[in-house]
Amino acid sequence: MSGYLAGLNPEQREAVEAVDGPVLVLSGAGTGKTRVLTTRFAHILLTGRAAPGEMLAVTFTNKAAREMRERVAGLLGRPVDGLWLGTFHALGARMLRRHAEAAGLRRDFAILDTDDQLRVLKPVMEELRLDPKRAPPPAALALIQRWKDRGVAPDRLGAAEQTEFASGRMAEVYARYQQRLAALNAADFGDLLLHMTDILRREPAALAAWQRRFRYLLVDEYQDTNVVQYLFLRLLAQAHRNICCVGDDDQSIYSWRGAEVGNILRFEQDFPGARVIRLERNYRSTAPILAAAAGLIAHNEERLGKTLRPAGKEGAGEQVLVVSLWDSDEEARMVGERIAALRAEGHRLAEIAVLVRAGFQTRAFEERLLALAIPYRVVGGLRFYERAEIRDAVAYLRLLARPADDLAFERIVNVPRRGIGEGTLATLRQAARARGEPLAVATAAAIAAKQIPPRARETLGHWLHDLDRWREIEAREGPVVALSAVLEDSGYLEMWRRDPSPEAPGRVENLRELGRALAEFETLAAFLDHVSLVMENEAENGDDKLSLMTLHAAKGLEFDTVFLPGWEEGVFPNQRALDESGTKGLEEERRLAYVGLTRARTRAIVSFALNRRIYGNWQSNAPSRFLDELPADEIRREGSSAFRRAAARREPVVFLDRAPLTALRSSVPERVAPRPRPAEAVGVGARVRHERYGLGTVRAAEAGRLEIEFDEGGRKRILDGFVTPA
DNA sequence: AGGTTAGTAATTTTT
DNA sequence: TTACTAACCT
């Protein structure tokens, strides 16, 4: 048999060779999922079942797509051309460009990021006279995105979708937002698949053509698919049914982004006769870590069921360490010291990670690491293309490529400062709207007609002239030369060079990096798509640095040593997740804990602090219930001396014996009471208590936001997680 | 137009 | 605590 199948275990091999018909591969953490995926891909090509262009392979991240592409090329011994391999969004965009007219767009439609989306949505909501305080545009955008995730276009908004939010006018907001997007020849991320799925549903010819093309479908991280993605896949698969989905229901942690665990749970019903293959041999972690993770996740009800087993020698490895700390400062110190000790023993920092529930928790660790001179990197902050300077530069390029791109125009018309204020801009918008022309055209007209102040007339006149000149440069000498001309002549680069802030030099460097990235592309249009859909974070340099990141950001990664701090009720599981989503929320939090533990190869150090400083004030928390769910045999407990002293004053030393850690709950004065309260319980008229404002009556409630009239006077808008029933 | 200050709210974020 | 905004002054 072919060499590429040789190193696979029986289940992996089964997953590779089960080529025809629907297949669900349940692959636990560290069970060789990527290997199976890529080998299967290569297997289909090598056995001549399909040509490269006849397979559709979908991932969620560009990183995963790139890895798959490289490894398939490795297996085949040559780079493969013509693959339809990429993220849902990139593939959706690629397909949609061929059907743009059917979606009411032109082929060169722009793909919008969040900034642009808000730039479109805000005026829509203003026009409808919606109070941005009561109905914040970002919240409205989130609602629209959830609809899009579920495949609900404005014309499919049923009565069931009614929401109190924005005085019940969200349907109108959504419809107008979509109209504006069409008018701007733009699609947001959600549209890429929404439009494409709509087209596949509406146009049998298009559907048949795509079905004929894609003979085999391969889907990564299936547990994270949302409804549109599911519909998209099902439409494409329904003719030949050669669909293979790989995923792990225990690692579904993105429900708040529209992911439906239900998709993977329902697979066998959706695709009758499906084969389900479980990959349970774990090649990553030691036996105690796996046993701890397995014991924890076993507390979830909603799962297909699967138990990780160590692939190698049984029983080897250290227990998971659970450390009790008195407060969050002490926790940061403990983590810092242990990292320093590991480093002194010769462990590489790049093999150590600190994984937290929420971004704000990283700060305490950063301070300690700085003090200890331990190099670290916070993973998952702003992505490269989200940086202001990159967005600005890209907006210039967009305006060169598409003179009618009003969103780009608005972003940079006054960057660097050209003395164009809200007043002038309002005049221009109005002129553009009245004439039905793009802002750039309307601006030229407004200058000629002297509708704007002399000063603005002059600078804008020059600017428009410059834009034309840059376009000529682009046509003559290519995008790279044009970009440097733009950045120099517009004064944009000079603006950052003169900026005294410490991050300014980095921004200049980022712009240089943008130039290097641009050089890789033939056309500006190709580059612009790349920027919106594919552009990566700064190249991860090979420096030996500790990683600091959220649990979400850690999915898919692995480290020798993993620190898991902040296992406290309210923090992890996160209170808001519990309040908003009840048991489902708790189960997702538990999956997050499972993801965290399974990142560790040889060492996992879980910790909790009884007192934590959050937003400047101290709060006492009970140890996380997840601690009690770790099988006692697989963990070893330790307490700091400060903890021991403090705990001893209240109760016998709890942490040394096997009493549940949560026994501490009764021993700690709980300033913040646990809130096992379903969100619906707080309705209009309910009496509630707020930590700061005291008692009050709920006057309005929508989407988890309450408007409360407090007895002490004043109406305030409060998130429902911040009040308790009175 | 643009900078300054006071008030307010506070997960997770693959594209 | 910080970060963001909206109102307010120059």
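Below, read A as the first sequence line, B as the second, and so on, with proteins coming before strands; counting in each chain starts at 1. Just so it is clear, the structure is predicted and the values come from calculations on it, not from any experiment.
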Check: protein-nucleotides 1-5 of chain B nitrogen or oxygen pairs below 3.5 Å:
| from | atom 1 | to | atom 2 | distance (Å) |
| --- | --- | --- | --- | --- |
| B/dA1 | OP1 | A/Glu422 | N | 3.4 |
| B/dA1 | OP1 | A/Gly423 | N | 3.1 |
| B/dA1 | OP2 | A/Gly421 | N | 2.4 |
| B/dA1 | OP2 | A/Thr424 | OG1 | 3.1 |
| B/dA1 | O5' | A/Gly421 | N | 3.3 |
| B/dG2 | OP2 | A/Asn414 | ND2 | 3.2 |
| B/dG3 | OP2 | A/Arg417 | NH1 | 2.8 |

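Proximity of A/Thr550 to the phosphate of B/dT13: a side-chain N or O atom is located under 4.0 Å from OP1 or OP2. Taking side-chain N and O atoms only, A/Arg146 has no distance below 4.0 Å to OP1 or OP2 of B/dT13. Residue A/Asn62 places at least one side-chain N or O closer than 4.0 Å to OP1 or OP2 of B/dT15.
At the heavy-atom level, A/Tyr254 lies under 4.0 Å from base atoms of the strands shown. Backbone-only contact: A/Gly359 has heavy atoms under 4.0 Å from sugar-phosphate atoms and none from a base. Base engagement by A/Glu589 is indicated by at least one non-hydrogen atom pair under 4.0 Å involving a base atom.
If you take NZ of A/Lys148 and P of B/dT15, they are 18 Å apart, rounded to a whole angstrom. B/dT15 atom P lies 15 Å from atom NE2 of A/His552, rounded to whole Å. A straight line from CZ of A/Arg134 to P of B/dA9 spans 14 Å, rounded to a whole angstrom.
Using a cutoff of 4.0 Å between basic side-chain nitrogens and carboxylate oxygens, A/Glu422 and A/Arg429 are scored as salt-bridged. Ion pair A/Arg411/A/Asp115 flagged as a salt bridge, since at least one NZ, NE, NH1 or NH2 atom sits closer than 4.0 Å to an Asp/Glu carboxylate oxygen. Between A/Arg150 and A/Glu260 there is no salt bridge, since no side-chain N of the basic residue sits under 4.0 Å from a carboxylate O of the acidic one.
Ring-plane geometry between A/Tyr615 and A/Phe360 is classed as tilted, the angle between the planes lying from 30 to 60 degrees on a 0 to 90 degree scale. Taking the six-membered ring where tryptophan is involved, the planes of A/Phe189 and A/His89 are perpendicular, since the angle between them exceeds 60° and thus also 30°. Relative ring orientation between A/Tyr492 and A/Trp496 is described as perpendicular, the plane-to-plane angle rising above 60° on a 0-90° scale split at 30° and 60°. The aromatic rings of A/Phe521 and A/His530 sit tilted, their planes meeting at an angle between 30° and 60°.
Classification of B/dT11 as syn follows from a glycosidic angle within 90° of 0.
With distances taken from any side-chain atom of A/Trp256 to the nucleotides B/dT15, B/dT13, C/dT2, the minimum falls on B/dT13. For A/Ala577, whose side chain is taken as the heavy atoms from C-beta onward, the closest listed nucleotide among B/dT15, B/dT13, B/dT11 is B/dT11. Listed candidates were C/dA3, B/dT11, B/dT15. Nearest to the side chain of A/Arg357 is B/dT11.
Projected onto DNA chain B by closest heavy-atom contact, A/His89 and A/Leu592 fall at different nucleotides, the more 5' of which corresponds to A/Leu592.
Taking the C1' atoms as reference points, B/dT11 lies 25 Å from C/dA6, given to the whole Å.
For the pair A/Tyr615 and C/dT1, the ring geometry does not qualify as stacking, because the centroid separation below 5.5 Å and plane angle under 30° are not jointly satisfied.
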